[in-house]
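Below is one structure, written out as structure tokens; the observations come after it.
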Amino acid sequence: MLGIFRNNPFTIAIPLAFYVALLHASALSGHVPPASETHAGGSLYQAWFLWIAKDAFWSPLTALLLVIVQAILVNMLADNFRLLGERNWFPGLFYGLAASALPEFLYLNPALVATTFVPVSLWRIFNAYQKPQVTAAIFDGAFWLSVASLFYPPILWLLIAAYAGYEVVRVFRMQERLVFLAGAFVPLFLGWVWNFWFDMGAEFRTTQWGNLFQFYRFDLVMTEKEGMKTVLMVAFAVVFVGGLGAFYSRKGIQAQKFVSVLYWFLAIGGATAFFHEKWHWEHFLLPAAVMGILLALSFQGMRNRLLAEVWHALIFGAVLLLQYFDSMLPLFYSIL
């Protein structure tokens, strides 16, 4: 299967769409029910998407279409900045896999909508590499993450990663830092003004900032299914940490700096999952774009293509097993 996506023609987007659809088939067919509890989302999500998220058909279908669009964006990002050295569809493929890895990812949720803006922000950060006039790129890098927070407020924590990213790719001057702060401020200020005009300023503040400084109480009930989710996420983390040296080897200074930015987004996006009073698996969608690119780097670096195919098949199978776990568990117990 990986051989198809080692090519670069845009028509590969068609098999990519089928690949993502296969990963979402369990939700579209009703085998995977929607999560019993998700993050409420920001003000724009509640206004624009809440009605879709509650629909048993339109919610998984909209999630599927979003992941396909996001996979194309991630692939364009990796291609434009030559993150893999050669152009292929691995980043889009592995983003689709990462963004469909858990059952909670398969229905429309605030984190999935907000994730659309992460590759856009990364694009603007990379555009600031060693350029004299980058005011617009710096403003936009913060601006789009702030816009994303209107759909999923915890994504504001990625502003820390974006700020660190500019420090990595250039000499970040004081004037440029003020531009960055302005980019982060403008969408939130305009959102507050709009809500204040309709006498909802207090509700806007509560929605956008009321739950940013909570801490998880470590009361997750570890069932077999939750254990499988944890193992899968830990396995991904081991790949990213273990491949740290390989991701930097045989790359130019520019590519090394870009990989460093990716790791900032990965670390902040993963760590802030604990800044919630209740556990939300869908929060791990925030670093999914980075996960897709790093997985692509890992699999492209495998010299033995058969081994790469086997590893991909194992991950793909584990994801499907997790999705159909509730249907297969009674059968497993009956065999025993």
Side-chain angles (χ1 to χ4, degrees), residues 5-13 16-17 19-20 65-100 111-131 134 136-148 155 158-159 161-166 168-170 183 236 240 243 247-248 251-270 284-301:
F5 298 96
R6 291 185 187 273
N7 302 305
N8 191 44
F10 190 77
T11 53
I12 302 298
L16 174 63
Y19 179 90
V20 176
L65 296 176
L66 261 179
V67 171
I68 293 172
V69 172
Q70 292 164 355
I72 294 173
L73 285 175
V74 169
N75 211 84
M76 291 173 61
L77 171 71
D79 277 357
N80 189 74
F81 295 99
R82 297 297 182 94
L83 297 179
L84 272 68
E86 62 183 54
R87 294 179 175 178
N88 55 45
W89 278 87
F90 271 19
L93 171 76
F94 285 105
Y95 171 78
L97 182 60
S100 311
L112 181 61
V113 177
T115 299
T116 308
F117 299 92
V118 173
V120 179
S121 178
L122 284 168
W123 192 297
R124 300 304 284 158
I125 293 172
F126 295 163
N127 268 335
Y129 177 73
Q130 288 188 349
K131 293 183 179 178
V134 292
I138 292 174
F139 183 90
D140 290 349
F143 176 85
W144 289 115
L145 287 180
S146 190
V147 170
I155 204 173
L158 286 186
L159 286 171
Y163 184 93
Y166 284 114
V168 169
V169 300
R170 62 181 294 102
F236 281 144
F240 303 142
F247 295 154
Y248 285 98
K251 293 186 180 297
I253 297 299
Q254 177 177 330
Q256 291 180 11
K257 288 182 178 293
F258 290 167
V259 170
S260 296
V261 175
L262 296 179
Y263 267 98
W264 271 104
F265 272 76
L266 180 68
I268 298 296
F284 288 100
L285 282 165
L286 296 191
V290 173
M291 292 167 65
I293 295 173
L294 294 180
L295 282 171
L297 284 168
S298 295
F299 276 82
Q300 189 181 35

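On a predicted model such as this, the values are computed, not experimentally measured, just so you know.
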Step-by-step side-chain contact (heavy atoms from CB on, under 4.5 Å) determination, Q70 to V118 = CA-CA 9 Å; Q70 292 164 355; V118 173; over 6 Å; no
Nearest 0.5 Å please: distance from the [atom1] atom of [X] over to the [atom2] atom of [Y].
| X | Y | atom1 | atom2 | result |
| --- | --- | --- | --- | --- |
| I12 | R6 | CD1 | CZ | 13.0 Å |
| L145 | L286 | CG | CG | 9.5 Å |
| L285 | L66 | CG | CG | 10.5 Å |
| L16 | F5 | CG | CZ | 5.5 Å |

Closest non-hydrogen atom pair, [X] against [Y]:
| X | Y | result |
| --- | --- | --- |
| A148 | F117 | CB-CD1, 3.7 Å |
| A99 | V67 | CB-CG1, 4.2 Å |
| W89 | A13 | CH2-CB, 3.9 Å |
| V168 | S260 | CG1-CB, 4.0 Å |
| P119 | L73 | CG-CB, 4.2 Å |
| V290 | L262 | CG1-O, 3.1 Å |

May I ask you to test the [X]-[Y] pair for a side-chain heavy-atom distance under 4.5 Å?
| X | Y | value |
| --- | --- | --- |
| L83 | F126 | yes |
| L295 | Y95 | no |
| I293 | L77 | yes |
| L122 | W144 | no |

Tell me, please, which residues at least two apart from N88 pass side-chain contact (heavy atoms from CB on, under 4.5 Å).
-> L84, E86, F90, P91, Q300
For V134, the side-chain contact (heavy atoms from CB on, under 4.5 Å) test, sequence neighbours excluded, returns A128, K131, A137, I138, R170, E176
Sequence-distant partners of S100, side-chain hydrogen bond (donor to acceptor under 3.5 Å, both in side chains), two or more places apart = H24
All ring-ring contact (aromatic ring centres under 6.0 Å, His included) counterparts of F236, not counting sequence neighbours = none
Sequence-distant partners of Y166, ring-ring contact (aromatic ring centres under 6.0 Å, His included), two or more places apart = F172, F180
Hey, would you say the Y163 and W264 ring centroids sit under 6.0 Å apart?
-> no
Pair Y129 and F258, ring centroids less than 6.0 Å apart = yes
For F143 and V120, run side-chain contact (heavy atoms from CB on, under 4.5 Å): C-alpha distance rounded to whole Å, both residues' side-chain angles, the deciding distance at 0.1 Å, then the answer.
-> CA-CA 10 Å; F143 176 85; V120 179; over 6 Å; no
Can you name the residues that form a salt bridge (charged side-chain N to carboxylate O under 4.0 Å, His left out) with D140, not counting sequence neighbours?
-> R124
Of the options I72, D79, V74, which is the one that meets M76 in a side chain to side chain contact (heavy atoms under 4.5 Å, CB included)?
-> I72
Stepwise, does the side-chain contact (heavy atoms from CB on, under 4.5 Å) test hold for V259 with Y263?
-> CA-CA 6 Å; V259 170; Y263 267 98; 3.8 Å; yes
